[in-house]
Amino acid sequence: MVSLGFCPNWFFQYSIFFELAFAIITLFVAFQSFRIYKLTKEKSPMLFGVAFLLLSLSYFIQSTLNFGILHKLSQNVDVLQNISQVINLGLNALYTHMIFTLAALVLLIFITLKTKSPKTFILLLTISLLPIYLGRDPVHTFFVLSSTFEVFIAYHYLRNYLKNRHIPNLLVFIAFLLLLISDIHFIFSLNHNIFYVLGHFLELFAYLFILINLVWVLKK
Amino acid sequence: MSKKRDRLQVIYDILEVIRDKGENIKPTHILYKSNLSHQMMQQYLGELITKEFIIEKENDKGKTYSLTEKGFEYLKEYRQITKFVESFGLN
């Protein structure tokens, strides 16, 4: 069987379901953010919604393209042609996921900075995407960049919790902390692919915490 | 209390005053009830008009304000709005 990079072969089909679950949860968060924006006309819920919509798109595209890879691998028509198509699909999935995720994280950083200047956002996005296109090791660069952004985001939510010591604020802080730890696991997955599995489970717990918080918010 | 929370709370207070008074409240009454400076109140009223939460009418007695459907909706969903904004650190 063709090796699927840093994802263990046995986990590949399960990872598609994980990514689909992340896509649905993040889409739900985006939908609720846009609803809050519609009610308040405040800018931050709108930007938060766009960030989660980008995350949702990144997972949907990754999940769909990975499903395409699985489908191609199940066909035993022309092995060589299949391998080249699988590599192309894999690269498309990876690059789309990286670009959308970085754009979402930059937007979340932009919200935490509380700046109104779009120039700051454009600058942050440019210096985040350039190493992905120009660097020698885009995947490693992506995980290092996203981990760095998540340190800042997790710190913002820690401060938010310390300011208002409520359980929902703690849940959101833990969720972003888990996302940070999962990204660190993904860095290690480049050498030991079991970390890829652990990273997915940590991500799942992170999004479940966000979902629990959202259910609490919606409760009358 | 956080800055944005205050903003959302001030907007809530202004809308609540207008709702409780019924139709066509005068700015002096809003000023008295909302506990804001005249300049701040004018800024908030301007913002609420732009956001279509209130409408301004002018007659021979001066300006009056009343709530729109969006304004009523804001008051109804205020608890959910603050819970969302606070927990996701958007304040």
Side-chain angles (χ1 to χ4, degrees), chain A residues 28-52 107-114 152-176 209-220, chain B residues 1-20 25 30 34-36 39-56 65-91:
Chain A
F28 186 50
V29 176
F31 174 76
Q32 289 305 325
S33 302
F34 292 134
R35 200 177 69 82
I36 297 295
Y37 166 68
K38 207 179 151 208
L39 286 168
T40 60
K41 300 280 180 209
E42 296 284 328
K43 216 173 178 179
S44 50
M46 193 260 281
L47 294 175
F48 194 74
V50 174
F52 270 81
L107 203 48
L108 287 175
I109 290 280
F110 182 74
I111 297 167
T112 65
L113 290 174
K114 297 186 192 303
F152 278 89
I153 297 166
Y155 176 66
H156 168 75
Y157 285 105
L158 171 67
R159 286 189 60 183
N160 188 50
Y161 168 65
L162 293 174
K163 208 162 64 180
N164 290 305
R165 287 172 188 260
H166 299 143
I167 290 172
N169 299 22
L170 180 64
L171 284 179
V172 175
F173 162 61
I174 293 171
F176 279 98
F209 277 129
I210 288 177
L211 189 65
I212 292 167
N213 179 55
L214 211 53
V215 171
W216 173 81
V217 166
L218 296 174
K219 216 170 70 182
K220 292 274 175 186
Chain B
M1 219 184 262
S2 57
K3 217 176 170 185
K4 188 58 121 313
R5 174 76 189 269
D6 284 347
R7 248 182 65 75
L8 294 174
Q9 178 75 55
V10 170
I11 290 171
Y12 178 85
D13 290 342
I14 294 172
L15 295 177
E16 194 182 34
V17 170
I18 299 173
R19 181 193 62 189
D20 291 350
I25 185 173
I30 300 172
S34 63
N35 206 17
L36 290 167
Q39 195 192 351
M40 285 297 282
M41 185 199 69
Q42 287 300 334
Q43 271 181 27
Y44 274 107
L45 289 178
E47 190 187 323
L48 292 176
I49 292 166
T50 312
K51 288 179 171 177
E52 297 174 343
F53 286 174
I54 58 171
I55 44 168
E56 189 182 71
Y65 300 90
S66 51
L67 282 193
T68 63
E69 208 166 302
K70 277 184 189 172
F72 279 110
E73 192 74 8
Y74 182 96
L75 286 173
K76 201 178 129 198
E77 304 292 340
Y78 177 70
R79 219 174 97 84
Q80 218 174 78
I81 293 167
T82 49
K83 276 161 84 179
F84 186 91
V85 166
E86 207 177 86
S87 63
F88 284 113
L90 302 174
N91 39 13

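Note on naming: letters A, B, ... go to the chains in the order of the sequence lines (proteins, then strands), and numbering restarts at 1 for each one. The shown structure was predicted, so the numbers you read here are calculated from the model rather than taken from an experiment. Heavy atoms only: backbone and side chains are in, while hydrogens, waters and symmetry mates are out.
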A:Phe34 six-ring face occupied by A:Lys38 cation (under 6.0 Å, within 45°):
no

A:Thr112 versus chain B, the contacting section by heavy-atom distance below 4.5 Å:
neither

Which region of A:Arg35, side chain (C-beta onward) or backbone (N, CA, C, O), has a non-hydrogen atom less than 4.5 Å from a non-hydrogen atom of chain B, or is it both or neither?
side chain

With chain B, which of A:Ile111, A:Val172, A:Thr40, A:Leu214 has the greatest number of heavy-atom pairs at distances under 4.5 Å?
A:Thr40

Quick one: sort the A:Tyr157 and A:Phe176 rings into parallel, tilted or perpendicular, breaks at 30° and 60°.
parallel

Out of curiosity, A:Leu47 CG to A:Leu107 CG, how far, rounded to the nearest 0.5 Å?
5.5 Å

Mind checking salt bridge (charged side-chain N to carboxylate O under 4.0 Å, His left out) for B:Arg19 and listing every partner two or more places apart, or none if nothing turns up?
B:Glu16

Give, as side chain, backbone, both or neither, the part of A:Leu39 having an atom under 4.5 angstrom from any heavy atom of chain B.
both

Could you pull out all residues at least two apart from B:Glu52 that satisfy salt bridge (charged side-chain N to carboxylate O under 4.0 Å, His left out)?
B:Lys70

By a 4.5 Å heavy-atom criterion (distance strictly below it), what part of B:Phe88 contacts chain A: side chain, backbone, both, or neither?
both

